[in-house]
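Here is the structure we will look at, set down as structure tokens.
Letters A, B, ... mirror the listed sequences (proteins, then strands); counts begin at 1.
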Amino acid sequence: MSTLTITGLRKSFGETTVLSGVALEVAQGSLTAVLGPSGCGKTTLLRTVAGFERPDAGVVRLGDVEVVGPRTWLPPERRKVGVVPQEGTLFPHLDVAQNVGFGLPRRSPGRRERIMQVLDVVGLADLAGRRPHELSGGQQQRVALARALAPEPEVVLLDEPFSALDAGLRVALREDVRAALQQVGATAVLVTHDQEEALSIADEVAVMRAGVVVQHGRPQDVYLRPADLGVARFVGEAVVLEARRSDTNRVTTMLGPLHVLGPTPTGETGRVVLRPEQIHLVPPGEGTAAVVERTVFHGHDSTVHLRVHPAGTRPGSPASAPIICRVQGSVPEHTEVAVRVEGPVVWFA
Amino acid sequence: MLAVAVALVALVPVAYLLLRTGEAGVERVVEIVWRERTAALVLRSLALTASVTAACLVVGVTSAALLTRTTVRHRRFWTVVATLPLAVPSYVAAYAWVSTFGSEVTGYGGSVLVLTACTYPLVMLPTMAALQRTDPSLEEVARSHGRSPLRTFVTVTLRQARPAVAAGSLLVALYTLSDFGAVSILRYDVFTRVIYTSYRAAFDRTPAAVLSLLLVVITVAITVAESRSRGRAEQVRVGAGVSRPPLRASLGRRGQALATTWLVVVAAVAVGFPVASLSFWLLRGRSAGAGLDRLFGAASATLGVSLLAALVAVAMALPVGILAARHRTRLVRLTEHASYAGHALPGIVVALAMVFFGVRVVPGLYQQVPLLVLTYAILFLPAAVGVVRASVALSSPHGEEIARSLGHTSWGVLRRVTVPLAAPGIGAGAALVMLTCMKELPATLLLRPTGMDTLATRLWTHTSVDEYAAAAPYAAALVLLAVVPTLFMSREHLSRTPTTALEPS
């Protein structure tokens with residue numbers, strides 16, 4: 001397994017620019033999730049690293065080997081890159097063992113052992129003789145992962161591997177795939193548009209937008225310190241408030257004075273971002289007064305949509321702003337409530 | 001590269017036809033084209049084509065409507081029977097009629113009868129498919145707006161099926177223009193027969209080449225006219241959410257009787273009579289003592305060249321078909337279209353062009369097996385390319401990418417993934433090409449090695465000297481060979497019917 005380094009990667013299809021200078025480094029043995037909305041170029045990035053697409057410019061290195069460069073372009077079969085596609089895409093004319101052994105030399109001595117070994121890693125050792133159509137969706141994805149891991153690739157690329165599965169199965173398989181990748185110490189890149197999936201299983205998250213990586217860091221950092229408002233809104237739900245600087249690390253908002261995380265705010269006015277779970281409902285009088293507009297029940301919790309009227313303004317005036325918060329247990333019975341913010345917020349000029 | 005080479009081979013007949021015509025000089029060509037005889041020939045050919053197409057429209061659409069949109073009894077049985085004429089080569093049907101009625105059925109009338117009986121399934125099958133797929137809710141809307149069932153069928157349902165009907169009619173028209181065997185046996189002087197006789201009779205082969213080119217022009221003109229006239233109609237797409245079986249008009253006692261009579265009469269003319277006539281001559285021939293050795297000789301020669309031709313055609317079709325399924329660039333489309341050249345050219349024309357090519361370029365191969373096999377391959381390349389393309393397109397290209405990423409070269413991927421996955425379809429296509437080759441007549445007549453006989457040429461030879469009993473075993477063998485794929489096709493058609501009705505697509 002090697003470090004994957006991508007610099008200045010560009011790719012256009014005719015008039016449409018899909019990648020406009022992507023830079024990304026994936027440390028050896030780590031799992032990076034490339035997160036972005038559909039059409040942001042994340043799948044093209046993956047296909048370029050795999051060798052299925054030729055970029056217009058840029059460098060891709062696997063460890064010390066340059067697989068894409070100004071004068072190099074290795075075909076996919078010489079890159080040692082494993083790919084797990086969206087729908088598994090097992091070869092329907094081969095059984096599970098033959099699928100997994102597809103990338104191993106046909107007469108290599110340890111072939112049979114290696115096949116059983118990787119099937120064991122994904123927990124399917126007893127299904128080696130099955131045909132792809134006899135497997136469930138989740139099992140097919142495990143076989144696809146085993147097939148990618150069998151030839152000991154330098155890096156494994158997973159293209160939305162869970163999106164074709166139903167919700168319950170998705171979470172379970174996610175954990176298993178994470179465990180399997182960790183067990184073999186794989187360097188892996190997982191492409192997804194599901195922010196919960198990216199945050200929960202990746203060591204690092206790279207957020208892509210319009211053909212570039214706009215932020216790359218640990219899941220907590222991307223979530224709590226988004227690089228810009230766009231990232232903030234895409235990675236989880238965000239509450240955005242107008243703010244005025246009051247002190248070095250303090251701002252005033254309609255929810256009262258707040259502490260700013262990280263770098264000192266510049267300028268006099270700006271906006272701050274906070275997460276719904278930072279907002280707590282408190283008895284009236286103990287925080288900023290708010291009116292409950294509607295609640296959405298999710299089962300494990302509820303989302304409460306509120307409207308806040310800052311001190312001194314009448315209800316319904318333009319200065320009132322919509323905010324949301326999460327509530328566990330019972331939802332408020334009265335529409336007149338109060339809210340209080342916990343934890344620091346992020347400032348954008 | 002390979003695909004481009006194949007396309008160039010497929011264009012050889014056209015090239016040689018142009019070359020041969022060009023050498024004759026403009027004056028000579030104009031003189032041949034402006035002959036009164038040529039004008040009469042064009043009119044006769046067009047009249048026959050128009051009559052057969054119109055007759056097939058009536059028979060094909062009526063049968064299709066009865067079988068898909070009414071409650072006529074024994075629908076499955078009648079569907080199979082109505083498809084069977086495809087198994088009777090047109091010259092075998094012509095033989096059946098001529099051997100019984102002699103000169104009473106020769107000429108225009110007999111040709112229309114025989115060709116209609118043989119080709120109406122070409123209109124019926126696509127129409128049935130279209131009528132089964134049309135959205136019943138559209139008809140319900142029309143009915144609720146006060147239209148009678150019959151008017152609804154004509155104004156709403158048939159309109160939706162129009163592209164399919166038009167495509168079927170085009171097939172019939174092209175088949176009629178290029179048919180050689182039936183019109184020759186029925187002694188009706190249309191293009192194909194005149195080209196053959198002028199090639200055989202005269203030392204000068206220029207008229208044959210000029211007339212061939214004229215026939216190609218007419219063929220292409222009809223094809224273009226059809227696709228032009230389709231225009232918008234083709235864009236009328238059937239909605240994706242069709243999940244209900246088509247509405248069927250329930251027939252009363254009289255309706256059942258009428259519908260059944262129609263189906264019986266059509267089947268009697270198209271299948272019953274040829275089979276009866278064949279059986280009669282077969283029994284006659286047994287008492288006269290037909291040579292079994294010769295039958296087996298002809299059968300094994302037929303099998304041999306047809307198998308070779310099928311293999312060559314599929315081998316040629318592989319690069320074009322795979323390319324066409326995977327890459328849609330302009331060069332690829334051009335290559336694919338070039339490989340379809342054989343489709344637009346009547347068999348007699350391709351055969352004649354290959355004679356010119358053989359005599360001029362490879363005299364050593366003229367009237368040898370390799371040139372005959374190559375001619376078959378060019379003639380049936382379109383069918384083979386279509387099958388390869390469809391089979392390859394069925395599997396996802398992602399599998400090939402994954403195989404590449406697992407360390408296999410593009411050649412290895414072709415060998416281990418693409419071809420194995422497409423193999424069943426390609427195999428069926430090869431079998432179909434082989435069976436078509438077995439029935440081929442004009443190219444075989446012109447290009448077979450001296451002394452070699454196939455089932456088709458023996459039938460031809462015996463029929464041309466009125467030895468009907470001696471011809472019978474060959475005719476029977478040809479029909480038996482063709483019944484297999486036809487039954488297979490109609491079974492496919494039937495087994496598809498209930499699922500399309502139940503499954504939301």
Which donor-acceptor pairs fall under 3.5 Å between chain A and chain B:
unit_1	atom_1	unit_2	atom_2	d
A:R47	NH1	B:E401	OE1	2.8
A:R47	NH1	B:E401	OE2	3.2
A:R47	NH2	B:E401	OE2	2.7
A:E77	N	B:R404	O	3.2
A:E77	OE1	B:R404	NE	2.5
A:E77	OE1	B:R404	NH2	2.8
A:H93	NE2	B:R416	O	3.0
A:F102	O	B:H408	NE2	2.6

Heavy-atom distance under 4.5 Å to chain A: side chain of B:A403, backbone, both or neither?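 The answer is both parts of B:A403.
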
Need one label for A:F102: side chain, backbone, both or neither, based on atoms under 4.5 Å from any heavy atom in chain B.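 For A:F102, heavy atoms of backbone and side chain both lie under 4.5 Å from chain B.
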
What part of A:V81 gets closer than 4.5 Å to chain B, counting heavy atoms only: side chain, backbone, both or neither?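 Contact with chain B is through the backbone of A:V81 alone.
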
Minimal non-hydrogen separation, B:L406 against A:A148, with atom names: CD2-CA, 4.4 Å

